[in-house]
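So you know, we letter chains A, B, ... as the sequences are listed, proteins then strands, and number each from 1.
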Amino acid sequence: MEIASKYNPAEVEEKWYKYWMDNKLFHSKPDDREPFTIVIPPPNVTGVLHMGHMLNNTIQDVLVRRARMQGKNACWVPGTDHASIATEAKVVDRLASRGVKKSDLSREEFLEHAWDWTREHGGIILEQLKKLGASCDWDRTAFTMDETRSESVLKVFRDLHEKGLIYRGVRMVNWDPKALTALSDEEVIHKEVNGKLYYLKYKVEGDPDGTYALVATTRPETIMGDTAMCIHPDDPKNAHLKGKKVIVPLVGRAIPVIEDDYVDIEFGTGCLKVTPAHDANDYVLGEKYNLSSIDIFNDDGTLNEHGIHYAGMDRFEVRKQIEKDLEAAGLLEKTEPYTNNVGFSERTDAIIEPKLSMQWFLKMDGLAQPATEAVENNTIRFHPEKYKNMYRHWMENIKDWCISRQLWWGHRIPAYFLPKGGYVVALTPEEALEKAKAKVDYPITMDDLKQDEDVLDTWFSSWLWPLSVFDGINRPDNEEINYYYPTNDLVTAPEIIFFWVARMIMAGYEYRGEPAFRNVYFTGIVRDKLGRKMSKSLGNSPDPIELMEKYGADGVRMGMLLTSPAGNDLPFDKSVCEQGRNFNNKIWNAFRLIKGWKTDDSISQPETAAIAVEWFQNKLSETVAEVDDLFSKYRLSEALMVLYKFFWDEFSAWYLEMIKPDYQQPIDTQTYEATLGFFDALMRLLHPFMPFITEELWQALYPRGKGESIMTVLQPGADKVDKKLLGDFETLKEVVSGVRTVRLEKNIPNKEKLELHVTGGHNDRFNSVIAKMCQLSSILSVSEKQPGAAGFFAGTTEYSVPLEDKVDKEAELEKLRTELGYAEGFLQSVLKKLSNERFVQNAKPEIVENERKKQADAESKIAQLKESIAALEL
RNA sequence: GGGCGUUUAGCUCAGCUGGUUCAGAGCACCUGCCUUACAAGCAGGGGGUCGGCGGUUCAAAUCCGUCAACGCCCACCA
């Protein structure tokens with residue numbers, strides 16, 4: 001059978017994914033085995049696979065596949081998130097492109113469009129994950145707005161309300177004028193913006209001299225909402241304003257001057273205009289001094305009827321216009337360039353407007369407590385650990401969570417308002433009516449109840465994800481939740497540590513009294529070569545699907561993993577995928593070599609092969625132990641790198657070369673069987689990282705039964721390691737390398753057999769191996785190196801290849817002298833240490849002993865070098 | 001304005017509790033090879049005063065102080 005010399009991933013990937021699906025190998029159900037659970041961070045239902053998903057899901061798949069191969073009952077639950085605000089924005093856009101405004105539709109009509117959109121786009125990203133090889137249990141695919149999940153959300157709302165943790169109130173919230181909804185603090189991103197500081201003149205009322213107070217503000221367009229001016233009680237320069245009233249420019253309204261030490265005397269002029277409706281701090285002042293509050297904005301950021309002649313204009317238009325008008329009226333003293341922090345909506349990028357409104361909130365401090373402790377005491381471990389600090393800091397300063405959104409796409413808040421005030425919380429209208437009847441003393445019908453128009457924050461469903469995917473809220477004692485919960489690992493981006501991770505931990509403790517997961521692996525951000533975040537708008541993100549077509553899913557997976565230690569950003573470049581693809585090819589060709597051999601029972605195992613097998617067996621054990629250790633520390637890139645080198649260098653370059661029979665000669669059965677065994681072990685070790693090629697070759701290695709898969713066999717275990725053997729073997733490599741260098745330097749073809757002379761201590765156990773790897777005719781022990789020989793050292797032993805005329809005496813002498821110089825310098829430094837009494841006294845005995853050995857070795861090497869030089873100089 | 005983190009080869013990173021696995025790995029680079037598994041390869045090689053300064057110690061990439069640059073998180077100075 002001819003096997004192509006290049007690996008073709010496209011052919012095998014589809015085949016094996018189908019095989020895994022057909023044989024239900026991803027499916028998990030509770031049994032006696034130890035469970036291993038991961039819930040996917042649900043991608044947005046309308047999202048398209050990007051490089052961040054690739055990284056994130058590759059890592060999850062590695063963890064799940066490895067757990068499965070450790071005999072655990074691995075369950076990776078996939079699903080999608082309804083992404084309330086993001087999806088609603090997309091649906092609104094699509095409707096707009098068809099000339100339909102959201103406001104023209106009823107709630108029901110709009111939701112119909114949203115569901116259409118969800119049905120059209122919802123499955124795309126999950127299908128794309130299959131191309132990556134993701135071993136999710138697709139039978140469990142969940143959606144944050146499907147029936148089970150919706151019921152869970154409503155029940156939790158009702159429960160937390162009953163516990164008194166959910167309340168309703170008028171607060172200053174972050175208002176997104178584009179999406180027309182409130183946002184939580186976490187959804188606001190602060191950015192530095194270059195703006196101006198405007199100095200406005202507020203004339204003092206009834207002052208004939210025309211004196212005025214100067215107020216510095218970044219937001220002149222809000223003056224219509226001013227209801228006071230505030231100075232510091234101890235501010236001498238503004239003391240004359242105490243007890244006075246000042247006139248708001250353009251508006252002409254008089255407002256009182258109040259005093260509060262909140263004002264910073266040094267900032268601006270020390271005068272602060274107070275606009276309780278449009279600034280969180282001013283709101284606090286307003287409450288304190290019982291100021292009236294004038295809301296001058298419409299929900300979309302245009303000015304309302306309080307905006308005098310600016311009514312109907314956008315807030316930023318007004319800012320420009322009002323500057324001119326103030327100028328014209330002589331009420332603008334000056335402007336200065338100024339940078340300040342402005343809040344932007346995470347989703348729509350609109351500038352946030354602080355707005356007073358009635359919203360639903362969840363009390364957080366009680367929920368936060370056990371969640372804070374769990375991370376602090378490592379019940380839940382963060383990888384890398386540095387995120388613990390961030391987490392603690394946020395948790396200790398946690399604020400109540402604004403959970404209502406003025407949107408339609410999402411879980412509608414299960415609160416029903418009563419005709420004469422008050423409300424009830426209930427899962428269904430029927431339940432609501434029942435509760436209402438119990439609450440009021442007047443007759444009431446279903447039609448009298450009005451359900452809250454708002455929906456819940458998307459994260460109010462995501463935070464239940466590890467529970468709700470196993471139906472742990474609705475049926476808290478079901479077999480699945482009892483078996484799969486707590487989940488094991490969570491793989492996610494640090495950006496959503498507060499949005500999601502922290503809240504899942506809280507929900508986990510509130511509803512199970514147990515951690516949601518044991519380990520959190522924080523991935524980095526995928527960036528381009530220039531260090532920019534990959535984004536659709538920049539167009540700097542490669543299409544993952546195209547990438548996989550070009551380099552193979554295994555190649556891309558490897559590319560992602562090789563350069564992404566936990567928590568570090570990943571500067572992505574296609575070249576790493578190339579490296580991955582090359583490695584696939586390397587594996588492919590090693591297999592081709594092995595499979596090309598004919599076996600012969602009648603040949604006995606050559607000595608070189610016996611040594612090779614023994615050595616590789618030990619090397620394998622050593623590597624397995626190393627990989628185990630790295631996995632336990634979640635150092636996946638390093639684990640992969642160890643395996644990469646193990647396969648490429650130890651297995652291919654050393655082991656296979658050692659056992660390789662002469663061209664077209666058969667191999668002995670014993671060695672062949674051992675080699676197949678090693679290859680099998682290597683495939684198993686690599687399978688979590690590169691599922692497709694390893695399955696393909698594992699299947700081809702031996703005849704396999706129907707439905708069998710590498711996915712479900714165990715990882716190789718680590719045996720005892722003969723350290724001495726491994727050490728000796730490293731010396732052997734040095735010798736082989738030395739001879740190869742001689743060949744290269746002297747331009748000696750490989751076919752020409754050479755003789756190797758040894759001067760000094762040498763372990764001749766591996767002579768047959770050295771002879772085979774270097775094409776030697778013999779290895780002789782000599783008391784002195786021949787003058788016409790090219791030499792090198794391995795440790796303190798000198799090796800040389802007699803070459804007669806081929807050796808350039810001068811060059812050889814030069815080499816030896818350089819080496820001698822180095823050795824003498826080294827000896828000097830060792831002697832200096834040893835002659836330092838304090839070193840000999842204070843250092844640990846083994847350190848001193850080591851220095852003595854270095855001294856002896858150096859001395860013996862120097863003696864040998866001198867002899868060789870003397871012989872050449874003759 | 002607070003807090004955290006990073007700085008080691010051209011690039012991406014590893015170096016735990018100070019001393020032979022202390023200056024490493026992969027990629028990139030250079031040289032020679034189409035050697036019958038693999039040129040997506042083989043063999044060999046060069047390259048860093050471990051961000052700067054100061055200190056502790058017999059001994060510092062490693063511990064302490066300080067400065068600098070970069071990054072992240074939090075924060076209401078209008």
Side-chain angles (χ1 to χ4, degrees), chain A residues 3 5-7 172 185 190 197-198 215-219 222 230 262-264 266-275 279-284 338 340-341 343 354 384 386-394 397 494-495 497-498 525 529 531 551 555 562-565 567-571 573 575-576 578-597 633 635 637-638 640-642 644-645 648 652-653 656-657 660 663-664 727 730 737 740-745 747 749-751 775 833 836-844 846-848 850-851 853-854:
Chain A
I3 311 178
S5 76
K6 299 228 183 328
Y7 170 58
M172 189 63 91
D185 293 344
H190 291 272
L197 196 55
Y198 303 79
V215 173
T217 179
T218 54
R219 301 203 61 191
T222 62
C230 190
Y262 160 74
V263 175
D264 180 351
E266 300 307 317
F267 186 90
T269 60
C271 294
L272 172 74
K273 72 189 209 57
V274 184
T275 321
D279 184 282
N281 299 305
D282 293 7
Y283 175 69
V284 175
Y338 187 72
N340 67 333
N341 259 336
K386 66 176 175 184
Y387 289 110
K388 270 176 82 166
N389 289 329
M390 230 171 90
Y391 177 85
R392 187 191 333 111
H393 187 258
W394 189 75
N397 296 286
E495 298 156 49
I497 185 169
F498 307 132
I525 296 167
K529 262 196 280 192
Y551 300 105
L562 271 179
T563 43
S564 63
N568 274 35
D569 282 1
L570 168 80
D573 185 59
S575 67
V576 279
E578 213 167 292
Q579 194 186 347
R581 178 201 59 184
N582 294 354
F583 185 47
N584 277 282
N585 209 45
K586 185 73 189 175
I587 297 171
W588 180 258
N589 276 293
F591 177 80
R592 215 156 65 94
L593 173 69
I594 296 168
K595 267 306 195 186
W597 288 333
K633 295 170 180 152
R635 299 172 77 148
S637 325
E638 283 171 66
L640 176 56
M641 183 48 74
V642 164
Y644 174 84
K645 288 191 277 187
W648 203 304
S652 299
L656 288 179
E657 292 301 329
K660 202 179 200 175
Y663 184 53
Q664 291 194 329
E730 291 307 306
S737 212
R740 282 174 177 166
T741 308
V742 170
R743 271 192 198 275
L744 194 74
E745 277 173 359
N747 225 333
N750 279 333
K751 282 174 187 135
Q775 300 293 324
K833 261 194 207 174
N836 182 339
E837 266 180 49
R838 284 188 293 181
F839 169 72
V840 181
Q841 273 171 16
N842 296 334
K844 280 181 262 173
E846 56 269 31
I847 301 290
V848 179
N850 216 310
E851 289 302 310
K853 183 169 182 305
K854 271 154 88 174

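- Formation of a donor-acceptor pair under 3.5 Å by the A:Asn842 side chain with backbone atoms of A:Arg838 is found in this model.
- In this structure, the side chains of A:Glu495 and A:Ile525 come closer than 4.5 Å at one or more pairs of heavy atoms.
- Going from the C1' atom of B:G71 to that of B:C58 covers 39 Å, rounded to whole Å.
- For the pair A:Tyr391 OH and B:G5 P, the computed distance is 19 Å after rounding to whole Å.
- Between A:Tyr262 and A:Val284 the shortest side-chain heavy-atom distance does not fall below 4.5 Å.
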Watson-Crick or G-U pairs under 3.5 Å in RNA chain B, rendered as dot-bracket with [ ] for crossing pairs and | for another strand: (((((((..((((.....[....)))).(((((.......))))).....(((((..]....))))))))))))....
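- With rounding to whole Å, A:Asp573 atom CG is found 14 Å from B:C13 atom P.
- Residue A:Lys660 is classed as a base contact, given a heavy-atom separation below 4.0 Å to a base.
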Summary of protein contacts for nucleotides 70-78 of chain B, nucleotide by nucleotide, where a base hit scores B, a sugar-phosphate-only hit scores S (4.0 Å, heavy atoms): ---SSBBBB
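- Across B:G44, B:G26, B:G41, the shortest atom-to-atom separation from the side chain of A:Tyr644 is found for B:G26.
- The base of B:C38 is paired with the side chain of A:Lys586 by a donor and an acceptor separated by under 3.5 Å.
- In this structure, A:Gln775 atom CD and B:U35 atom C1' are separated by 10 Å, rounded to whole Å.
- Rounded to whole Å, the separation between the P atoms of B:G48 and B:C11 comes to 14 Å.
- Distance CD (A:Glu657) to C1' (B:C42): 9 Å, rounded to an integer number of Å.
- The side chain of A:Leu744 sits closest to B:A43 out of B:A43, B:A37, B:A40.
- Of all heavy-atom pairs spanning A:Cys230 and A:Val274, the tightest one is CB-CG2, 3.7 Å.
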Intermediate values then yes/no, side chain to side chain donor-acceptor pair (under 3.5 Å), A:Arg392 and A:Asn389: CA-CA 5 Å; A:Arg392 187 191 333 111; A:Asn389 289 329; 3.0 Å; yes
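- Atom name C1', nucleotides B:G65 and B:U56: the rounded distance is 10 Å, in whole Å.
- Taking atom C1' on both nucleotides, B:G47 is separated from B:C30 by 11 Å, rounded to a whole Å.
- For the pair A:Lys633/A:Glu638, no side-chain contact is recorded, criterion being any heavy-atom separation below 4.5 Å from C-beta on.
- Residue A:Ala590 comes nearest to A:Leu656 through the heavy atom pair CB-CD1, 4.0 Å, listed as atom of the first residue, atom of the second, then distance.
- Comparing B:C38, B:A14, B:G41 by their closest approach to the side chain of A:Trp648 singles out B:G41.
- No option in A:Asp282, A:Asp279, A:Val215 other than A:Val215 meets the side chain to side chain contact (heavy atoms under 4.5 Å, CB included) test with A:Lys273.
- Closest to the side chain of A:Lys6, from the set B:A43, B:G26, B:A40, is B:A40.
- Taking every side-chain heavy atom of A:Met641 into account, B:A25 is the closest of B:C4, B:A25, B:A37.
- For A:Glu837, the CD atom counts as loosely surrounded, since its 6.0 Å shell holds 12 or fewer non-hydrogen atoms of other residues, nucleotides or ligands.
- Note: CZ (A:Phe583) to P (B:A40) measures 17 Å, nearest angstrom.
- On the P atoms, B:A9 is 15 Å away from B:U62, given to the nearest whole Å.
- Counting only N and O atoms by type, the side chains of A:Asn584 and A:Arg581 include no donor and acceptor under 3.5 Å apart.
- Taking atom C1' on both B:A75 and B:G10, the two are 40 Å apart, rounded to the nearest angstrom.
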Any N/O pairs under 3.5 Å between the protein and nucleotides 57-63 of chain B? List them or say none.
unit_1: B:C58; atom_1: O2'; unit_2: A:Asn836; atom_2: ND2; d: 3.0

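- For the residue pair A:Val848 and A:Ala843, the shortest heavy atom distance occurs at CG2-CB, 4.0 Å.
- Proximity of A:Met390 to A:Trp394: side-chain heavy atoms (C-beta onward) are nowhere separated by under 4.5 Å.
- Side chain of A:Asn397 to main chain of A:His393: a donor-acceptor pair is present (N/O by atom type, distance under 3.5 Å, no hydrogens or angles).
- Distance CZ (A:Arg743) to P (B:U35): 15 Å, rounded to an integer number of Å.
- Across all strands shown, A:Asn389 has heavy atoms under 4.0 Å from sugar-phosphate atoms exclusively, and none from any base.
- When each of A:Ala590 and A:Gln579 is assigned the nucleotide of RNA chain B bearing its nearest heavy atom, the one mapping closer to the 5' terminus is A:Gln579.
- Between B:A23 and B:C70, the distance separating the two C1' atoms is 24 Å to the nearest Å.
- Using a 30° and 60° split on the angle between ring planes, A:Tyr338 and A:Phe267 fall in the perpendicular class, above 60°.
- Among the nucleotides B:G44, B:A25, B:A37, the one closest to the side chain of A:Thr741 is B:G44.
- Checking the phosphate oxygens (OP1, OP2) of B:G19, no side-chain nitrogen or oxygen of A:Lys854 falls inside 4.0 Å.
- Between B:C50 and B:C63, the two P atoms lie 15 Å apart (nearest whole Å).
- Across all strands, A:Ser652 comes closer than 4.0 Å to base atoms (heavy-atom distances).
- Look at CZ on A:Arg592: it is 13 Å from P on B:A40, rounded to the nearest Å.
- One atom, CH2 of A:Trp588, and another, C1' of B:G41, lie 17 Å apart when rounded to the nearest Å.
- Between the side chain of A:Arg740 and the base of B:A43 there is no donor-acceptor pair of N/O atoms closer than 3.5 Å.
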